[in-house]
Amino acid sequence: MPAKTILDYLKKHGGRPQEQIKSVKEKEEHREKQASREKIVSSRRKPEWKIKIWDLRGNILVIAEKPKAASKIAYALSSRFMRNRWKGIPYYTIRSNGANIIIASAAGHLYGLYTDKRGYPIFQYEWKPLYIIDQTAKHTKKFIELLEKLSRNADYYVNACDYDIEGSVIGYLIIKFMGDPDRAYRVKYSSLTPAELKQAFRELTGLDYEMIEAGLCRHELDWIWGINISRALMDAVRKTSGKRTILSAGRVQTPTLKHVVDHEIERNLFIPLPLFIPDVTIIKNGEKIHLEYISGSLETRRKAEEIIKSIKKDGYLTVTEYTEKTICLNPPPAFNLGDLQEEAARIYGFSPYKTQKIAEKLYLDALISYPRTNSQKLPPTLNYRGIMEKLAGIDRYGSLIDRLLRETRGILQPVQGKKDDPAHPAIYPTGLKPGKLSSDEWKIYDLIVRRFLAAFAEKASLIQQQARFMTREGYEFRVSGQRIGKLGWLYYYYFSKPKEKSIPVFIKGEHVPIKTARLRRTYTRPPERLTKIKILRWMERVEIGTEATRARIIELLFRRGYLEAKGGKVNATDLGLGIIEVLTKYFPQITSVEMTRYFEAKMEAIRYGRAEREEVVEEARQTIVKLLQEFDRVKDKIGYLLSIRLGYISPHRKCLVCSREEYRLGLCYYHYMALEKIREAYNEWNRREETTFEKFISSIKKLRSTGKWITEIVGNDEVLAKL
DNA sequence: GCAAGGTC
């Protein structure tokens, strides 16, 4: 029989062709197979139905999401597995009476959405191997080839990818293109520990079509929104300027860009307002001590002057309270990726992307557990003592671990954080001795080890002192200090050690002489400048993107020229501002984090049978078509604006202050807004401290915290005359 | 070439 016919037959019926089944035993097995196939079909309606992998006969192909997972599954299922390699890619085989279990893996997504059509609107796409679509995904070719080879002889397939929506899609597409979904099962596990895996493989179900459909839908929605809007933007620029430039928009990147742009606008339009602080120093034990006014600062000069006068009249302050209290500092939980990225940025100034890259390398070297996790919890099944003993073999940690084992008396119970992750635990060191690491790699590894150790250590304590003072007229002041009581976990993770500063002991009722009492003028502060890690933390907070993609998407915004960095601080560029102007007007949906919420709601509806993928995609298609029609009507205008921001053309009428196009009064949109802001701010400034307009202008001109666009306006006499 | 999502 020619191979193709056999393949067709297998696809249709499963198992091997009838004539090849000879022995009675084999015939029985064949019947069993047929029976379990019936069960799969019925399992689509009855998801509670379960089968053990050990009840299957013939060749069973188990597909993991990544090589590491495949290895763990092999270990968990049998102590007598065989490790094989094909073109360098490992796979495992287990023989057990009548069954041949083959465990192989994908490497994340092996397929992606693709179209060969140009232009927009575009809604024709299909799944294609990633190595064909994407030059940087060449490594996926070998994985596909091996899975293809193994699929040919498979009687059954088990999708053993991570138990989440993407895992369901990854496994499904492999089985769909290489095997047969009707002879496929799903295994569901939430950690890769042997005990859990063993149990999970005794509870196979049919394919989880609801999850698969939800996942496919997410891919399609992201594709049609992202590709269509990106193409529309690029086309507008090309039509106006003749230049081909890569522009893009997407469900995650665009709200992230908007967040930075909003922040940029707020900072650039910031006008500092005066604040008045009664600045008081006292003398105690010959030491000069600076006191803080209880409510920080005052808005008006008059009130502040009144307080100063009252203090000076008294000449002393009365101590109303002196307290010393011990604050308990709990150890921090082991890292999830975001926490690691934050600490690496705080301590070493690493970008989130750099930290992630290093963590991924450490993971591939088997030095740490899976880093793309949101979990702050360590699994109770982990052999903590074993890991510690191995870590003790690394020079720099030997004495640290001796101390920890002594302090804990060998009782190793880590603190657990609140955040969890369905597929992976918090990041921990495996204990394997590092080979040659670069100094940056050591820094990340060291953070992970120390944070892991700290999770087992004792609480630390902080002794906080506070003294409160009052004038005769009832104005209150205070001063505080702190020192470390017990070092506890801070010994292991010393990066969190608080600054120590002591104050003398005061006695209630005591009169303390005033050394100086002056009025100090300060100004309100602009919002802090953004950094990459702050952007990433914001993405986490509003729940867009994933552990694997957030840092990457931030870097993408830089590559597109939407953002730029100076000394670690992030700014939106003119192009970034322009993209957000255009998208807010013509595709407002994609600029909001609500789009992710909407996708999630639709995906949930699909998972619970309340919606179908096709109708959800169709609805999005209609929305996008309509928006694109609107866009096309003003395409020239948009192309004009973006081409100016890209520096491809100069505007017909330029802003008096910058190179952007005029909006009103000879100013661009942003400088016009600055003009309006200056008008408003003068009224408030005058309320706080009576002043002339000229004085106000010369003050904000000198202040460094004054926003860029404001400074540009007040620095331009011609424009200033308009006020 | 364009998204977001996996992982090498």
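Residue numbers start from 1 in every chain, and the chains themselves are labelled A, B, ... in the order their sequence lines are given, proteins ahead of strands.
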Margin query: Any side-chain N or O of A:Arg238 below 4.0 angstrom from OP1/OP2 of B:dG1?
Written below: no
Note to self: Tell me whether the side-chain N/O atoms of A:Tyr111 come closer than 4.0 Å to OP1 or OP2 in B:dG5.
What the structure shows: no
Starting at atom [atom1] of [X], determine the distance to atom [atom2] of [N], rounded to an integer number of angstrom.
X: A:Tyr120; N: B:dA3; atom1: OH; atom2: C1'; answer: 17 Å
X: A:Arg372; N: B:dG6; atom1: CZ; atom2: P; answer: 9 Å
X: A:Trp127; N: B:dA4; atom1: CH2; atom2: P; answer: 14 Å
X: A:Phe599; N: B:dG5; atom1: CZ; atom2: P; answer: 10 Å
X: A:His109; N: B:dA3; atom1: NE2; atom2: C1'; answer: 12 Å

Notebook entry, point to check: Can you name the one residue among A:Asp164, A:Asp208, A:Asp162 that meets salt bridge (Lys or Arg N to Asp or Glu O under 4.0 Å) with A:Arg186?
Noted result: A:Asp208
Is [X] touching bases, backbone alone, or none of the nucleic acid, heavy atoms closer than 4.0 Å?
X: A:Arg231; value: base
X: A:Ala249; value: sugar-phosphate
X: A:Tyr370; value: sugar-phosphate
X: A:Leu556; value: sugar-phosphate
X: A:Thr549; value: base
X: A:Tyr363; value: sugar-phosphate
X: A:Gly545; value: sugar-phosphate
X: A:Asn228; value: nothing
X: A:Ile224; value: nothing
X: A:Leu364; value: sugar-phosphate

Ionic contact status for [Y] with [X], cut-off 4.0 Å:
X: A:Glu600; Y: A:Arg597; result: yes
X: A:Asp636; Y: A:Lys239; result: no
X: A:Arg645; Y: A:Glu661; result: yes

As a test of reading the structure: which of [options] is closest to the side chain of [X], going by heavy atoms?
X: A:Thr140; options: B:dA3, B:dC2, B:dG6; answer: B:dG6
X: A:Arg552; options: B:dA4, B:dC2, B:dT7; answer: B:dT7
X: A:Arg560; options: B:dC2, B:dT7, B:dG5; answer: B:dC2
X: A:Ile246; options: B:dG6, B:dG1, B:dA3; answer: B:dG1
X: A:Arg118; options: B:dA3, B:dG1, B:dA4; answer: B:dG1
X: A:Glu166; options: B:dG6, B:dA4, B:dT7; answer: B:dG6

Checklist line | Position toward the 5' end of DNA chain B (nearest nucleotide), A:Gly119 or A:Glu360 | finding: A:Gly119
Check: Mapping A:Val252 and A:Ala107 to their closest nucleotides on DNA chain B, which lands nearer the 5' end?
Finding: A:Val252
Next item on the list: Assess whether atom CZ of A:Arg118 is packed by more than 12 heavy atoms of other residues, nucleotides or ligands within 6.0 Å.
Entry: no
Notebook entry, point to check: Cation-pi between A:Lys198 and A:Tyr189: NZ/CZ under 6.0 Å from ring centre and within 45° of the ring axis?
Noted result: no
